[in-house]
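Have a look at the structure below before the remarks.
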Amino acid sequence: MSSWAPHLPSSLQPILQPCLPELRRRVPRPRPWLSPRDNGTDSVGSKRADVKCARASQKSPDDYHATLRALNSRGRKPRKSLGQHYMLNSEINDQLAGAANVGEGDVVLEIGPGTGSLTNVLISSGATVLAVEKDPYMAALVEERFADTGRLKVVEEDFVKCHIGSHISLLLESLRDSDPEYKFDVPRSSFFPQPNVDAAVVTFKLKKSADYPAVCSTKSFFSLVNSAFNGKRKMLRNTLQHICTPLEIETALQHVGLPATSRPEELTLDDFVKLHNLLVRP
Ligand SMILES: C[S@@+](CC[C@H](N)C(=O)[O-])C[C@H]1O[C@@H](n2cnc3c(N)ncnc32)[C@H](O)[C@@H]1O
């Protein structure tokens with residue numbers, strides 16, 4: 001029998017590829033969606049009909065009452081410490097899945113599924129979802145909700161600390177200088193409980209290594225940029241003192257054609273690359 005090889009979205013391939021052995025172990029091979037007329041064939045036509053059937057059976061509104069019912073069923077109240085603001089607008093979840101171009105056969109990593117409102121849309125789009133949820137009550141709730149689909153594996157862990165997280169940190173490195181594309185606003189009234197700010201959806205495209213600026217060490221480059229922005233609005237000659245002396249920083253800034261009093265928000269990516277290559281020896 002051939003091993004299960006889910007189609008990975010191209011942007012996630014470099015990241016999820018190393019996780020595939022683990023995904024194969026943890027996520028069961030998706031069960032076929034059985035429609036009443038299903039005759040066991042695996043033709044494209046029957047697959048489409050099956051997905052349609054799954055969509056119809058999966059769709060239930062994740063509105064205010066359903067969310068409250070789900071939380072009450074576990075005796076839970078939203079926890080501020082876990083940022084638990086649940087999405088009440090299924091149209092926004094549809095738009096989210098659309099913005100990420102999620103389709104049949106994709107494998108999606110969802111961090112913090114909560115009650116599963118977005119999970120519902122992802123699974124209905126034909127994706128297999130690997131969800132990492134820190135709250136054990138929500139992990140159990142979402143696992144049960146989609147148990148019969150065979151398309152969800154829940155890992156009850158803190159994403160920041162879990163094994164898959166270490167692979168994804170590579171992804172985040174690639175996103176750091178990748179241009180985000182603004183998609184749409186999500187008003188605060190779409191969430192329960194309502195947060196104090198509105199949200200926005202942005203997409204990122206991973207850069208290929210060839211697109212990266214030529215720095216002698218990616219690690220030390222990101223470390224320098226992080227230190228610079230940690231002291232937001234502070235002069236670089238003060239925030240980078242753990243790398244070299246204020247005089248050396250001022251001299252390097254002048255070499256790049258910048259004032260000795262420069263602050264991080266005044267530098268372009270190219271300026272940071274030049275500054276790094278002057279200050280950090282390989
Ligand atoms: C803002 S809610 C979003 C829930 C769901 N996606 C929705 O739109 O309704 C955030 C979810 O992430 C979970 N969460 C928070 N921090 C987490 C972490 N470090 N690792 C995994 N899950 C986390 C919370 O328990 C919660 O279920």
Side-chain angles (χ1 to χ4, degrees), residues 12 15-16 19 22-23 26-27 58-102 106-125 127-147 149 151-172 175 183-204:
L12 284 182
I15 306 307
L16 287 181
C19 307
E22 183 161 357
L23 271 171
R26 290 179 176 231
V27 184
Q58 281 297 310
K59 280 279 184 194
S60 58
D62 283 276
D63 57 12
Y64 173 74
H65 295 289
T67 304
L68 215 55
R69 259 200 314 277
L71 292 174
N72 284 342
S73 73
R74 308 274 154 164
R76 304 305 293 162
K77 288 202 171 98
R79 286 172 65 189
K80 224 178 178 178
S81 62
L82 286 173
Q84 290 179 336
H85 297 276
Y86 298 106
M87 173 55 68
L88 302 178
N89 186 338
S90 56
E91 273 176 29
I92 290 178
N93 283 328
D94 286 336
Q95 287 175 45
L96 272 172
N101 207 12
V102 175
D106 283 340
V107 176
V108 178
L109 173 70
E110 186 183 6
I111 305 167
T115 54
S117 66
L118 176 61
T119 321
N120 193 20
V121 172
L122 296 171
I123 290 178
S124 300
S125 304
T128 296
V129 178
L130 174 67
V132 183
E133 173 57 62
K134 186 176 174 183
D135 182 333
Y137 294 92
M138 303 316 288
L141 188 148
V142 78
E143 187 154 39
E144 263 174 45
R145 178 175 177 184
F146 300 101
T149 67
R151 292 220 175 189
L152 173 69
K153 173 66 197 174
V154 182
V155 179
E156 186 208 305
E157 271 181 57
D158 181 340
F159 178 73
V160 180
K161 296 183 186 151
C162 80
H163 172 62
I164 293 160
S166 63
H167 286 294
I168 299 298
S169 62
L170 277 174
L171 169 83
L172 300 180
L175 291 179
K183 289 292 180 184
F184 55 90
D185 282 331
V186 183
R188 64 191 78 183
S189 57
S190 310
F191 299 95
F192 167 74
Q194 190 168 302
N196 294 328
V197 289
D198 295 318
V201 173
V202 290
T203 56
F204 297 87

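Quick caveat: nothing in here was measured; it's all calculated off a predicted structure. When a ligand or atom number is given, it counts from 1 through the structure's own listing order.
The nearest protein atom to atom 8 (O) of ligand 1, hydrogens excluded, is given as M87 CB, 3.4 Å; this is a heavy-atom distance. For atom 11 (C) of ligand 1, the closest non-hydrogen atom on the protein side is G112 O, 3.5 Å. The protein atom (non-hydrogen) at minimum distance from atom 10 (C) of ligand 1 is G83 O, 3.7 Å. If you check which protein heavy atom lies closest to atom 19 (N) of ligand 1, you get D158 OD1, 2.8 Å. In terms of protein heavy-atom proximity, atom 16 (N) of ligand 1 is nearest to L82 CD2, 4.0 Å. For atom 5 (C) of ligand 1, the closest non-hydrogen atom on the protein side is P113 O, 3.3 Å. When hydrogens are left out, the protein atom nearest atom 21 (C) of ligand 1 is K134 N, 3.3 Å; that is the closest non-hydrogen contact. The protein heavy atom nearest to atom 13 (C) of ligand 1 is E133 OE2, 3.3 Å.
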Under the side-chain contact (heavy atoms from CB on, under 4.5 Å) rule, what do Y137 and R79 come out as? Steps first, then yes or no, please.
CA-CA 12 Å; Y137 294 92; R79 286 172 65 189; 5.9 Å; no
Steps toward side-chain contact (heavy atoms from CB on, under 4.5 Å) verdict (R151, F146):
CA-CA 8 Å; R151 292 220 175 189; F146 300 101; over 6 Å; no
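Remark: side-chain polar atoms of D158 are paired, donor with acceptor, to backbone N or O of V160 under 3.5 angstrom. Of the possible donor and acceptor atoms, none in the side chain of R76 sits under 3.5 Å from a partner among the backbone N and O of M138. Put simply, the side chain of E133 gets close to the backbone of G114: a donor and an acceptor are under 3.5 Å apart.
Ligand 1 places these atoms under 4.0 Å from at least one heavy atom of D135: 25 (O). Set against the non-hydrogen atoms of H85, the atoms of ligand 1 under 4.0 Å away are 1 (C), 2 (S), 3 (C). Listed by number with element, the atoms of ligand 1 under 4.0 angstrom from any heavy atom of S117 are 7 (C), 8 (O), 9 (O). Against a heavy-atom cut-off of under 4.0 Å, Y86 is close to the following atoms of ligand 1: 4 (C), 9 (O). Of all atoms in ligand 1, listed by their number and element, those nearer than 4.0 Å to a heavy atom of V132 are 21 (C), 22 (N). Within the listing of ligand 1, atoms 24 (C), 25 (O), 26 (C) sit less than 4.0 angstrom from a heavy atom of Q84. The distance from ligand 1 to the heavy atoms of E157 drops below 4.0 Å at these ligand atoms: 20 (N), 21 (C).
Ion pair K153/E110 not flagged as a salt bridge, since none of the NZ, NE, NH1 or NH2 atoms sits closer than 4.0 Å to an Asp/Glu carboxylate oxygen.
Taking only nitrogen or oxygen atoms, main chain and side chain alike, F159 reaches within less than 3.5 Å of ligand 1.
Within the structure, ligand 1 lacks T115 among the residues with a heavy atom less than 4.0 angstrom away.
Applying side chain to side chain donor-acceptor pair (under 3.5 Å) to N93 and the options S117, S190, S124 leaves one that passes, S117.
Between F192 and L88, the closest heavy-atom pair is CB-CD1, 3.6 Å.
Counting only N and O atoms by type, the side chains of S90 and D62 include no donor and acceptor under 3.5 Å apart.
Between Q84 and K80 there is no side-chain heavy-atom pair separated by less than 4.5 Å. Between I123 and L152, some side-chain heavy-atom pair lies under the 4.5 Å cut-off.
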